[in-house]
Amino acid sequence: MATPKTNLATPGLTGVHHTAFPTWKPKATVEFYRDVMGLKICHAITATGWGRNTDHPHPDFLHFFFEAGDNSAIAFFYYIGTQRREEFTQLKGYLALSRHTAWSVDTEEDLVGWVRRFRDAGVRVTEVVSHETLDSVYFKDPNGYHLEIARQSRPLNPVDVSDANLTVQAMVDTFGDDNPDQHTLADMWRYKAGLVEDHLQLLPSEA
Amino acid sequence: MPKLYVLDVPEFQPVIDALKSQKIATEYKGGYACFRSDHPIELARPKMHDATWFGFPVAGIVGTLAEHTDTRFRLI
């Protein structure tokens, strides 16, 4: 099972401060996050390029932040004079969906409120999609970045956490890195059953 | 003898209820419902979201996953 790579205690974390992305559309980005979503700009820096004289010259840039609740932010870098790099913004299909930022809301009312707000502003947004323990809506910003707003539909309990750890262990043991033995998900589910059985044997019998 | 573990949480309850209605031997322990049968474990999709229908075997299977389509699940 888990083998710590260090004996040092895990320092604390208090949530996401910010995530950051490059943008080649600073105007549209500001109009979306500030004017459509209504997020407040909370920080912005500008800098002439760092390391100009190295083998890896750095363009002049701006770095600007929008508040996203609970002391978190979403931020963008605008590198002046650079060409848009579509590998950042034009992922297609499931890979595009896999890389996203998801914000949280506490209530169904807020979730539906975001749908209404986006539609009122002419932004395409999904209906509320229910997952295992999340209800989510999905949309994209002008850069093509995928965004989600999610509401936890029920609190996660100790069984959820325990099972998640077994699932992740099954994933690691089954697929390793790059899945060299070309296992399938069904292979992993079979392996997981063994982990669950071992786990249950360690529990006291239920009356 | 196929065996299916299902995490006993609300989102997977439609699967648990459907399998229990088939009188498949069921054991509850540690937050899991375990179904075992001498015959294939078959299930027509109850009313469930995609994420839960296609993910409910995550707790583990013993046997061969013969079918898991949009509408049916069969473990042999």
Side-chain angles (χ1 to χ4, degrees), chain A residues 94 97-98 102 111 126-138 148 150-175 183-207, chain B residues 1-20 24-38 40-43 45-70 72-76:
Chain A
Y94 60 89
L97 297 173
S98 72
L111 196 58
T126 68
E127 299 285 350
V128 175
V129 179
S130 294
H131 305 290
E132 290 91 343
T133 61
L134 285 180
D135 293 333
S136 300
V137 298
Y138 298 92
E148 173 183 353
R151 183 182 74 89
Q152 191 74 34
S153 54
R154 69 168 175 83
L156 298 178
N157 61 43
V159 170
D160 292 303
V161 174
S162 167
D163 186 68
N165 277 272
L166 295 176
T167 297
V168 168
Q169 189 62 49
M171 173 188 71
V172 170
D173 292 348
T174 302
F175 300 116
H183 286 305
T184 65
L185 183 61
D187 293 333
M188 195 203 86
W189 285 342
R190 274 188 288 274
Y191 182 85
K192 169 81 181 294
L195 295 184
V196 168
E197 286 168 0
D198 292 344
H199 167 73
L200 294 179
Q201 285 190 350
L202 297 175
L203 298 179
S205 298
E206 295 179 357
Chain B
M1 185 181 203
K3 188 157 59 170
L4 171 68
Y5 287 94
V6 182
L7 197 61
D8 187 11
V9 291
E11 56 271 21
F12 295 140
Q13 205 59 47
V15 167
I16 293 174
D17 291 343
L19 291 172
K20 283 174 68 176
I24 296 175
T26 312
E27 180 185 359
Y28 286 91
K29 188 175 182 183
Y32 294 91
C34 176
F35 299 90
R36 64 184 80 211
S37 173
D38 292 330
I41 295 176
E42 300 185 70
L43 185 65
R45 180 173 177 165
K47 185 173 169 51
M48 295 174 78
H49 301 299
D50 280 353
T52 46
W53 168 249
F54 289 110
F56 75 82
V58 66
I61 60 175
V62 176
T64 299
L65 184 60
E67 186 179 6
H68 194 179
T69 66
D70 195 47
R72 294 198 60 78
F73 172 88
R74 190 160 64 99
L75 183 66
I76 60 177

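All values below come from the heavy atoms of this structure, side chains included, with hydrogens, waters and symmetry mates left out. Throughout, protein chains are lettered first and strands after them, A, B, ... in sequence-line order, and every chain is numbered starting at 1.
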Check your understanding: Any idea how B/His68 and B/Phe54 line up, ring-wise: parallel (<30°), tilted (30 to 60°), or perpendicular (>60°)?
Key -> tilted
Exercise for review: Under 4.5 Å, counting heavy-atom pairs only, tell me which of A/Asn157, A/Val196, A/Val129, A/Val159 racks up the most with chain B.
Suggested key: A/Val196
Study note, to complete from the structure: So, the part of A/Ser130 with a heavy atom under 4.5 Å from chain B: the answer is both
Check your understanding: Which region of A/Arg190, side chain (C-beta onward) or backbone (N, CA, C, O), has a non-hydrogen atom less than 4.5 Å from a non-hydrogen atom of chain B, or is it both or neither?
Key -> both
**Study point:** Polar side chain donor-acceptor pair, A/Asn165 to A/Ser162, under 3.5 angstrom
**Key:** no
Revision key, fill the gap. Residues passing the salt bridge (Lys or Arg N to Asp or Glu O under 4.0 Å) test with B/Asp50, sequence neighbours excluded, are B/Arg45
Check your understanding: Under a 4.5 Å heavy-atom cut-off, does chain A meet the side chain of B/Leu7, its backbone, both or neither?
Key -> side chain
Review point. side-chain hydrogen bond (donor to acceptor under 3.5 Å, both in side chains) between A/Asp173 and A/Tyr191: does it pass, once the steps are laid out?
Key: CA-CA 9 Å; A/Asp173 292 348; A/Tyr191 182 85; 2.6 Å; yes
Exercise for review: Under 4.5 Å, counting heavy-atom pairs only, tell me which of B/Leu4, B/Thr52, B/Val58, B/Asp8 racks up the most with chain A.
Suggested key: B/Val58
Exercise for review: Go through the structure and list residues passing salt bridge (Lys or Arg N to Asp or Glu O under 4.0 Å) with A/Glu148, not counting sequence neighbours.
Suggested key: none
Point to revise | Winner by heavy-atom pair count (cut-off under 4.5 Å) against chain B, out of A/His199, A/Glu197, A/His131 | key: A/Glu197
